[in-house]
Amino acid sequence: MSRPRVLSGMRPTGRMHLGNYVGALQNWVSMQEQNESFHMVADWHMLTTGFEDVTRLKQDTLDMVTDWLAAGLDPKATPIFRQSRIKEHAELHLLFSMLVTKSRLERNPSLKEQARDLNIEDQTISYGHLGYPVLQAADILIYKANMVPVGEDQVPHVELTREIARRFNYLYKPVFPEPEARLTAFPRLRGLDGNRMSKSVGNTIHLTDSPEEIATRMRTAYTDPNKTRKDSPGNPDGCVVHEYHRVFNAAGAGEIATACRAGQLGCVQDKGDLARILSDVLAPIRERYHEIKSRPGFVEEVLEDGEARARKVAQATMDEVREAMNLP
Ligand code: TRP
């Protein structure tokens, strides 16, 4: 029996932060043992909205993959590759684009949300951006993935992928499985200021930050504004520091909440404790990071090796696709 296939990817956003870790990476790392995983840098997807300024594309790719490896992705077990290096994704995207209507794409809630976030109007959305989920379907189905570990926001894209797979299988030949989204336990971790975590806002902690950086950043975290002194009773609900405790310190979080409510724990101390806990959790990641950084060219090698392996699988699928569609 072959193991289930897993595919997931991210747009190259550079260094990874805690939200990337609990929202995706941690899940990828834990899934790679029992499954046959593939992970890709969605650099073409990045271009759907970031086509104007491409100066950081290469460096952001390397920084992101460095952090994937530091987080524990094992490149021997798991091919890691750049989407744009596997041209077959583009071919399958083109063929799939025949099987989807324009109105179906316009109804996609993920796309609508993204367009709203980026202030893109209906009239100015590009052809490539509208086809974002079709390209994503090609990414997933070209590896015949069974599972797609993603955050909640990506579920509509996986749903469209299933529709495309069904349509192809029905029209031509049963080539594709119907993949399922695998949601992470913590779909969204808020930024330190309590708002949505985002690199551009600067409310993040990077996976490879030093213990000192973590402590400094943690001091800026949002806590209960009504807790004005260290001995006044606080409300841990809605407090970012407490939210992080629940994620990174599950065993201790209950006791901390009780002490906070009773006015026995001040925010300054609480933040210091959390910073130390986080530093410990991230210590193995930091260690691997420095090891990788000491090997120049290593990440590029990992990618080229992953690309050779991914390409073989993609090419085999495309042979089946062309055969099913009567293409030469
Ligand atoms: N759309 C995904 C994101 O926003 C990235 C992505 C591209 C992806 N292709 C994929 C995710 C295939 C899962 C599977 O981050």
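Residue numbers count from 1 along this sequence. Counting starts at 1 for both ligands and their atoms, following the listed order.
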Under 3.5 Å, which donor-acceptor pairs link side chains of residues 257-269 to any protein atom two or more places apart or in another chain?
from	atom 1	to	atom 2	distance (Å)
T258	OG1	G254	O	3.0
R261	NH2	D237	OD2	3.3

Exercise. Please say whether more than 12 non-hydrogen atoms of neighbouring residues, nucleotides or ligands are located less than 6.0 Å from CZ in R167.
Key: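 Not buried by this count: 12 neighbours or fewer within 6.0 Å.
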Quiz item: Between H89 and Y143, does the ring centre distance come in under 6.0 Å?
Solution: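 Yes, the ring of H89 comes within the 6.0 Å limit of the ring of Y143, centre to centre.
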Quiz item: Considering all heavy atoms of both residues, which atom of L57 and which atom of P12 are nearest to each other, and what is their separation?
Solution: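 Looks like CD1-CG, 3.9 Å.
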Quiz prompt | Counterpart residues, side chain to side chain contact (heavy atoms under 4.5 Å, CB included), relative to S198 (two or more places apart) | solution =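 Here the qualifying residues are S200, V201.
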Exercise. Not counting sequence neighbours, list each pair that qualifies as a side-chain hydrogen bond (donor to acceptor under 3.5 Å, both in side chains) and has a residue in residues 283-299.
Key: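 For residues 283-299: none.
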Inventory of protein N or O atoms under 3.5 Å from ligand 1 N or O:
from	atom 1	to	atom 2	distance (Å)
ligand 1	1 (N)	Y132	OH	2.8
ligand 1	1 (N)	Q136	OE1	2.8
ligand 1	1 (N)	Q154	OE1	2.9
ligand 1	4 (O)	R11	NE	3.4
ligand 1	4 (O)	R11	NH2	3.2
ligand 1	4 (O)	Y132	OH	3.2
ligand 1	4 (O)	Q154	NE2	3.2
ligand 1	9 (N)	D139	OD2	2.7

